[in-house]
Amino acid sequence: MNYNSTRNRRLEATGCAAVAAGIAPDGGLYVPEDFPHVSPDGVRRLASMDYVGRAEHILGLFFPELAGQPMHDLCVSAYGGGKFDCEAVAPTVKLCEGTHVLELFHGPTCAFKDMALQILPGLLTASLRKCGEERKVCILVATSGDTGKAALEGFRDVEGTEIIVFYPQDGVSDVQKLQMATQEGKNVRVFAVKGNFDDAQTGVKIAFGDESLAERLDRAGVFLSSANSINWGRLAPQIVYYFSAYCDLLNEGAIRIGDPVNFCVPTGNFGDILAGFIAAMMGLPVQRFLCASNANNVLTDFIRTGVYDRNRPFHTTISPSMDILISSNVERLIYFLSDCDDKKTAGRMAALKADGVYRLTESEQLLLEEYFYGGFSDDAETRAAIASTYEKYRWLSDTHTAVALSVLAKYREETGDETETVVVSTASPYKFADSVMEALDGEKHESSPALFRELSERTGTPIPDPLAGLEDRPVRFTESVERDGIPACVQSALT
Ligand SMILES: *Cc1c(COP(=O)(O)O)cnc(C)c1O
């Protein structure tokens, strides 16, 4: 199994090398050279397995050098060890005839990033060993909230790794702050950065680019790496749950083998939905991917017109994990749409960087529209979707999933397409309790443990364990640093 860079097809790597490197040396993203095929019989076999078995099989196709016992062990420790609060790991729930939700929020931080970040540390350390790397890896993360916590939980106490997370002092909610400050694990550190998210991110970038820091760390047997969503190791685990959802629908009798389904995905960086697209390229019967955006609807326009134009106002919405104008994984999509034209892809990425805009050819755009539908919903529509879904089906949606529910309703109205549809649900409603409560009662709220109890009483839904009792956990991390002090802080933590 070979991987290429989206900007240079001649650049080749194994899956393990791609994961160990993160980004390709030419700045491109690693993509598989061919898609392994899963036949209808293969899907039937997957349907008889549990989530661990499904993950082991699909990931084994992409990492043949880890197939067999090593991949089995990785999948068991990520998905089999009681870290998820339900045995199915990623269960599908039927809302009504034709509509199902795939719940990806049963992990230790109650959001879908756990699906990848629970297995990435194991994949990464196994990949580093395959590449002959003997030093310890230290993951640096600048976070605006959810990724930091999910990465901390994933890397905590993983042999051969350290993780340091920097969050903006003025840029995360009290609940998010408390989640990170109470993080357990021997190899974790958390710092507040004086400033906003940009300050945290800039400070971390300075640390990555600091050669004298790298030298000192090297002498101490450590090197720095990142765990962000352009790493193939974040994407590959997400392919699994598309197959898994299809298998669940088969097992329930909602579809028969070979029937196409739609997936409706709340989208930000385009990682989640791209993993679905890869599943379809592998043979999973998918009619269409509905790409759901909030008011930052750059992807809706892209799918409808073939022009990607980030020159537009940035909106802060109630679905913050989708407040993104440059969706980095689109690079992988346009590479595939252009029939793996690396020069074209590199040119478009250069244009995006220089002018904020690029354009697909007509035939590429037609292909894009064949696979994808683009739609968006504003905050008012999103709140209305939370309220109506709860009223009709007694299923409580978070703000991100509600964008998808709202876009699905628009899609059906526009197209009349009644194909069996899976809505990908990316977070527990308790993660965004303030906005969810407001959707139900029309009042303003602050997220707090007290609000969790109120939401639970009102809706009869349980507070997820990782969020319950948050106030009673001991605070371990209280230090803050200046933006420019981040490299020194990394050095003193690691040497
Ligand atoms: C990250 C995230 C998304 C967006 O996923 P992408 O892979 O970036 O498209 C949607 N919802 C939630 C809750 C998220 O945390």
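Any value given below was found using the heavy atoms of this structure, including those in side chains, with hydrogens, waters and symmetry copies removed. The structure displayed is predicted, hence computed values, not measured ones. Nothing fancy with the numbering, it's 1 onward along the sequence. Both counts, for ligands and for their atoms, begin at 1 and track the order of listing.
- Using cut-offs of 30° and 60° on the angle between ring planes, the pair Phe277 and Phe336 is tilted.
- Of all atoms in ligand 1, listed by their number and element, those nearer than 4.0 Å to a heavy atom of Ala427 are 13 (C).
- In terms of protein heavy-atom proximity, atom 3 (C) of ligand 1 is nearest to Phe112 CE2, 3.7 Å.
- Ring-plane geometry between Phe263 and Phe289 is classed as parallel, the angle between the planes falling under 30 degrees on a 0 to 90 degree scale with a further cut at 60.
- Short contacts between ligand 1 and Thr267, defined as distances under 4.0 Å to a heavy atom of the residue, involve ligand atoms 9 (O).
- For ligand 1, one of its N or O atoms has an N or O atom of Asp272 under 3.5 Å away.
- Annotation for ligand 1: atoms under 4.0 Å from non-hydrogen atoms of Phe270 are 6 (P), 8 (O), 9 (O).
- In the model, Asp146 has no side-chain atom that pairs as donor or acceptor with a side-chain atom of Thr109 under 3.5 Å.
- The shortest N or O to N or O distance between Asp146 and ligand 1 is not below 3.5 Å.
- In summary, the atoms of ligand 1 found under 4.0 Å from a heavy atom of Gly271, numbered by their order in the structure, are 6 (P), 7 (O), 9 (O).
- Residue contacts with ligand 1, taken as heavy atom pairs separated by less than 4.0 Å, do not involve Ala111 at all.
- Considering only non-hydrogen protein atoms, atom 12 (C) of ligand 1 sits nearest to Thr426 OG1, 3.5 Å.
- Residue contacts with ligand 1: Lys113 is placed with a nitrogen or oxygen under 3.5 Å of a nitrogen or oxygen of the ligand (distance criterion only).
- By the ring-ring contact (aromatic ring centres under 6.0 Å, His included) test, Tyr430 is found to be paired with no residue, residues two or more places apart in sequence or in another chain being considered.
- Gly268 N, 3.6 Å is the protein heavy atom nearest to atom 4 (C) of ligand 1.
- Taking the ring centre of Phe376 as origin, the terminal cationic atom of Lys410 falls inside the region bounded by 6.0 Å and 45° from the ring axis.
- Scanning all protein heavy atoms for the shortest distance to atom 6 (P) of ligand 1 gives Asn269 N, 3.5 Å.
- Looking only at atom types and distance, the side chain of Asn269 has no donor-acceptor partner in the side chain of Asn329 under 3.5 Å away.
- Both tests do not hold together for Arg359 against Phe302: distance to the six-membered ring centre under 6.0 Å, angle to the ring axis within 45°.
- Using a 30° and 60° split on the angle between ring planes, Phe84 and Tyr79 fall in the tilted class, from 30° to 60°.
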